[in-house]
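Reviewing the structure listed below.
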There are 2 protein chains.
Amino acid sequence: MEKLAEMLKAKKLKVTPQRLAIFGILYNTRNHPSAETIYKALQPTHPTMSLATVYKTLDTLKKSDLVEELNVGEDSFRYDATISPHPHAICLKCNSVEDLDTKVLDNITSEIQDETDFDIISEKLYFYGYCKKCKTSK
Amino acid sequence: MEKLAEMLKAKKLKVTPQRLAIFGILYNTRNHPSAETIYKALQPTHPTMSLATVYKTLDTLKKSDLVEELNVGEDSFRYDATISPHPHAICLKCNSVEDLDTKVLDNITSEIQDETDFDIISEKLYFYGYCKKCKTSK
DNA sequence: ATGCTTGCAAACGCTTTGCACTCTG
DNA sequence: CAGAGTGCAAAGCGTTTGCAAGCAT
């Protein structure tokens, strides 16, 4: 938890209980929760926190590159504590969003850079299909 | 235009002027317009068409795999007449969305398939940066 | 003729905003 | 203490839905 506070300070953000709680959730899970999910998860421990605060905080963290916003095609956004760029896999059955552990995409950015006229700054790669648990019982 | 009607029929969809108009716009531009943009573009020629019809039609086309829905991170969706799967490049300056012409990604799906436990059905690949026009005047 | 499609308006759900209060640095 | 963050309620906006009328097959 101390670590999270340091990360906020490094970005010159004020350290508040709400920010620590929200950032903490994202930092310690790989579920890629939505704002609503984060809000509900914090209800027990932070019953007075409002959904608006969750959104405002996520926006702040996003602007400081501590958190990435994912558009997997649902009606709401999901969030991910950004460590390094990595592709996401969305299960069409259970709707889970997991990090894809692969090295295949490591060099594609520079390769695409060489092939096209487009200057790439960042990327979002989504793969849709069936996760380990669901693919057997499609 | 005849061609579009055939494509609709092939998917067992009724051929209506509205569907032809909307599909036609998507089929003949590479702008990846939003529902709103499509609606406005059709105002001159189809003044009675409602925005709801645009949404319903896009949904129909989407379900028949004639159109792909893009989540580039804006507040609204964009649409693309799907020919073959291809990555998209979003310009951070002019907000244009263009098709990326590259072969780099051709085999990644099967490669990822081999590396991970995830069964890939489809993919959406977005690259953010600066387009040819904007990169000189960043 | 029948069932799908359209158009209108109202509803919906996620996200944002305004403002007064509170807290961090 | 000043300025930024929080919480509440209300507003905003893209998208969806219900229903009556119209059209494709």
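Order of the sequence lines sets the chain letters (A, B, ...), proteins ahead of strands, with each chain counted from 1. Keep in mind that what you see is a predicted model, and the values were worked out from it rather than measured.
For DNA chain D, the neighbouring residues in residues 64-77 of chain B, judged by any heavy atom under 4.0 Å, are B/Asp75, B/Ser76, B/Phe77.
Using a 4.5 Å heavy-atom cutoff, the side chains of B/Ile25 and B/Thr37 are not in contact.
For the pair B/Ser34 and D/dG14, the criterion of a side-chain N or O lying under 4.0 Å from OP1 or OP2 is not met. Remark: A/Ser50 is not in phosphate contact with D/dC8, judged by side-chain N or O atoms under 4.0 Å from OP1 or OP2.
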Dot-bracket encoding of pairs in DNA chain D, which uses [ ] for pseudoknotted crossings and | for another strand, Watson-Crick or G-U under 3.5 angstrom: |||||||||||||||||||||||||
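Within the nucleic acid shown, B/Thr60 has no heavy atom closer than 4.0 Å to any nucleic acid atom.
The salt bridge (charged side-chain N to carboxylate O under 4.0 Å, His left out) contacts involving residues 27-50 of chain B comprise B/Arg30-B/Asp80, B/Arg30-B/Asp99, B/Glu36-B/Lys40, where partners must be two or more places apart or lie in separate chains.
Residues that satisfy the side chain to side chain contact (heavy atoms under 4.5 Å, CB included) test with A/Thr16, not counting sequence neighbours, are A/Gln18, A/Arg19. Applying the ring pair (Phe, Tyr, Trp, His ring centres under 6.0 Å) criterion to B/Tyr27, with sequence neighbours excluded, gives B/Phe23. Qualifying ring pair (Phe, Tyr, Trp, His ring centres under 6.0 Å) partners for A/His88, counting only residues two or more places apart in sequence or in other chains: A/His32, A/His86. The side chain to side chain contact (heavy atoms under 4.5 Å, CB included) search around B/Lys9 returns B/Glu6, B/Val15, not counting sequence neighbours. Residues meeting the ring pair (Phe, Tyr, Trp, His ring centres under 6.0 Å) test with B/Phe118, sequence neighbours left out: none. With sequence neighbours excluded, no residue forms a side chain to side chain donor-acceptor pair (under 3.5 Å) with A/His46. With sequence neighbours excluded, no residue forms a side chain to side chain contact (heavy atoms under 4.5 Å, CB included) with A/Lys56.
Here chain B contacts DNA chain C (any atom closer than 4.0 Å to a heavy atom, that is under 4.0 Å), and the contacts span C/dG3 to C/dA9 from 5' to 3'.
Distances were taken from every side-chain heavy atom of A/Ala52 (C-beta onward) to each of D/dT17, D/dC8, D/dT6; the shortest belongs to D/dC8.
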N/O-N/O pairs, protein side and nucleotides 22-25 of chain D side, under 3.5 Å:
from: D/dT25; atom 1: OP1; to: B/Val15; atom 2: N; distance (Å): 3.1

